[in-house]
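Here the structure is laid out as structure tokens; the discussion comes afterwards.
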2 protein chains.
Amino acid sequence: MAVAPLFRPIDVAPAYQKVADAIEREIVNGRIKPGDPIGTEHDLVRQFGVNRSTIREGIRVLEEGGLIRRDSSRRLHACLPRYSKLASRLSRALVLHEVTFRELYEASMTLEVASIEGAVERATEENIAELTDNLARSEAVVGNPAALAECDAEFHVLVAKASQNRVLQLAREPAAQLFYPTTEMIVTGVAEGGPRLVAAHRHLIDAIRRRDREAGVLWTRRHLQDWRRGFEKIANLDRSVEHMYMEHAQAARRR
Amino acid sequence: MAVAPLFRPIDVAPAYQKVADAIEREIVNGRIKPGDPIGTEHDLVRQFGVNRSTIREGIRVLEEGGLIRRDSSRRLHACLPRYSKLASRLSRALVLHEVTFRELYEASMTLEVASIEGAVERATEENIAELTDNLARSEAVVGNPAALAECDAEFHVLVAKASQNRVLQLAREPAAQLFYPTTEMIVTGVAEGGPRLVAAHRHLIDAIRRRDREAGVLWTRRHLQDWRRGFEKIANLDRSVEHMYMEHAQAARRR
DNA sequence: TACTGTCCCTTTGTCCGACAAAGTTAGAGT
DNA sequence: ACTCTAACTTTGTCGGACAAAGGGACAGTA
């Protein structure tokens, strides 16, 4: 029998962690604003009184977390974590957890419907212009699966943006990133896939413009069901997301 | 006019980045399985042929990304990125982007309803047992706002888990983490808040047990509307999520 | 047998000093 | 006012060093 727990484990974070935490605190609580320069490594050495190696380890942590970046000249400054970078972390996690396309499909059905509802309600003229521009570019590349898949991904990002809800925008992204590569495969394999995809986008923009919620939801559902039907022609919905998809995510993260 | 592109930009990533990428690739494509040891820093020095400082910077990157961890004896091994850790990154990003409680509320309404729908459809006996256990603990601490808020957060995690949809589980978490601190404030400030919260949970478990989708959705909506009413008594829904909430996220991440 | 204390080896966290490459700044020259 | 060059600074990497903590083996003790 173990003794009754009398003490909690004490917290002795290593120095590099403390450095990272200290800088993170300043950024998160707003004393350092996005864009503000953090000093040079040498500055930080002086301020924290630790070795440059230690500082550098701390910096790596923050850089990976997206809280600081190095600009063109490699100087450090604070920045707002980019959704797409965070989302690709999540996508990676989903791959490692071997989620199935069925889970992806189900969750996306919810998330994309919520996006379109928000977009129908609150899209601005500028949002609609962006969507229209995207549609024009999609129509131009309807015969090119890779380019069309990219346009499709962008289209749905724009819809989410038009919803003016950043929580939703962020929540849908990881699943959407995993969809992207399959879209290319489907458009390649299913002859009428490309035109149907573009037609759905047209109807969605139209629904947003007319503030027609029913139509928006309907066409989002159809659009996703199209994806599903196409997917089931080439693979099983219960298969787990494959490792190959990570290439895309990795490339995207680097940007 | 630019000359025809003859060369692709060559990859000049720093060495620590290449180290991190190389290890990441092995983990993501499955050659290193979660739990497998990575070897000591010295091993990696030998394998990659770079200095230990460089290896360590690469390790920090992977550690922060959640792909590798150090066990009790500080040895490195691969691991599955934990949802809660990733989610707290996202929560932090949402705070920095100054999202409003309205966005949080709207997105959660969608995500929590989807969770309960999944749970009603697919909850296992074990899921229900966990929820019931949570309910019992909630009832025991109904007079203690902090403890009750924690139980509430856990309850909704369990509902999402019962949906058997890990994409949904992950998508809802960031928003949920930002809710948590307000729940405590509300239960503290609104007298009947605690009992109503527990009652809603009871109805939700009941709906799951009876596979009654309508009831599940209804009570989830009510539960969230209760939160909203409570929140509006103490603050404006259009206020941005405050920096103070990061303390919670930070503490959670450390675990 | 079960527990304790000890010695040794490994590993990590941190430090120091160094240097090449790339970027920045200031000054010279036109 | 503009360009070119020569310092100077900063980053990325390296080699080597050491204290502290963990793990293992081994002996001593109750």
Side-chain angles (χ1 to χ4, degrees), chain A residues 1-24 27 32 35-79 253-254, chain B residues 7-24 27 32 35-79 253-254:
Chain A
M1 195 60 167
V3 301
L6 192 52
F7 299 111
R8 299 264 116 243
I10 59 175
D11 174 30
V12 279
Y16 72 86
Q17 209 23 285
K18 289 185 175 175
V19 167
D21 286 350
I23 298 175
E24 169 176 343
I27 295 176
I32 300 179
D36 286 0
I38 316 289
T40 66
E41 294 178 2
H42 192 59
D43 289 338
L44 296 174
V45 167
R46 273 197 301 271
Q47 294 182 53
F48 286 103
V50 296
N51 192 271
R52 190 157 76 98
S53 308
T54 306
I55 294 289
R56 282 174 65 82
E57 289 189 35
I59 286 174
R60 293 297 159 244
V61 171
L62 295 172
E63 238 174 357
E64 179 67 7
L67 279 178
I68 69 180
R69 308 183 63 164
R70 313 196 90 110
D71 61 20
S72 60
S73 73
R74 292 185 182 153
R75 263 194 260 284
L76 295 167
H77 53 84
C79 70
R253 185 146 20 93
R254 215 65 77 213
Chain B
F7 300 111
R8 297 267 114 242
I10 59 173
D11 177 26
V12 281
Y16 72 87
Q17 190 56 262
K18 288 186 174 176
V19 168
D21 286 351
I23 298 175
E24 170 177 341
I27 295 177
I32 300 179
D36 286 359
I38 303 291
T40 67
E41 294 178 2
H42 193 57
D43 290 336
L44 296 174
V45 166
R46 273 197 301 271
Q47 295 182 52
F48 286 103
V50 297
N51 193 272
R52 191 157 75 98
S53 308
T54 306
I55 293 288
R56 283 175 64 81
E57 288 188 35
I59 286 175
R60 293 296 159 243
V61 171
L62 295 172
E63 237 174 0
E64 180 67 6
L67 280 177
I68 69 179
R69 309 183 62 164
R70 314 197 90 112
D71 62 17
S72 61
S73 73
R74 293 184 183 151
R75 264 191 260 282
L76 294 169
H77 54 85
C79 70
R253 184 147 21 94
R254 214 66 75 212

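To find a chain, count down the sequence lines: A is the first, B the second, and so on, and within it residues start at 1. Just so it is clear, the structure is predicted and the values come from calculations on it, not from any experiment.
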Given atom NE2 of A:His42 and atom P of C:dA18, what is their separation to the nearest angstrom?
14 Å
Which of residues 52-61 of chain B sit near DNA chain D, with a heavy atom under 4.0 Å from it?
B:Arg52, B:Thr54
Nucleotide C:dT11, atom C1' - distance to NE2 of B:His77 in whole Å:
15 Å
Can you confirm whether A:Arg60 sits close enough to B:Glu64 that some side-chain heavy atom of one is under 4.5 Å from a side-chain heavy atom of the other?
no
Quick check for you: to the nearest 0.5 Å, what is the distance between A:Gln17 atom CD and A:Thr54 atom OG1?
12.5 Å
Does anyone know the first and last nucleotide of DNA chain D in reach of chain B, 5' to 3', at under 4.0 angstrom to a heavy atom?
D:dG12 to D:dG23
Taking the minimum atom-to-atom distance to the side chain of A:Pro14, which one of C:dT14, C:dT11, C:dT24 wins?
C:dT14
DNA chain C: 5'-proximal contact among A:Ser73 and A:Val50 (nearest heavy atom)
A:Val50
Please examine the side chains of A:Ile59 and A:Arg70, heavy atoms only from C-beta on, and report whether any two atoms are closer than 4.5 Å.
yes
How long is the line joining CG of A:Asn51 and P of C:dC16, in whole Å?
6 Å
When you compare the side chain of A:Asn51 with that of A:Tyr16, does any pair of heavy atoms fall below 4.5 Å?
no
Is any side-chain heavy atom of B:His42 closer than 4.5 Å to a side-chain heavy atom of B:Arg52?
no
Does B:His77 reach the side chain of B:Ile68, with side-chain heavy atoms less than 4.5 Å apart?
no
Quick one, B:Ile55 and B:Val50 - any side-chain contact, counting heavy atoms below 4.5 Å?
yes
Under-4.0 Å salt bridge between B:Arg69 and B:Glu63:
no
Starting at CZ of B:Arg70 and ending at C1' of C:dT11, how long is that distance when rounded to a whole Å?
9 Å
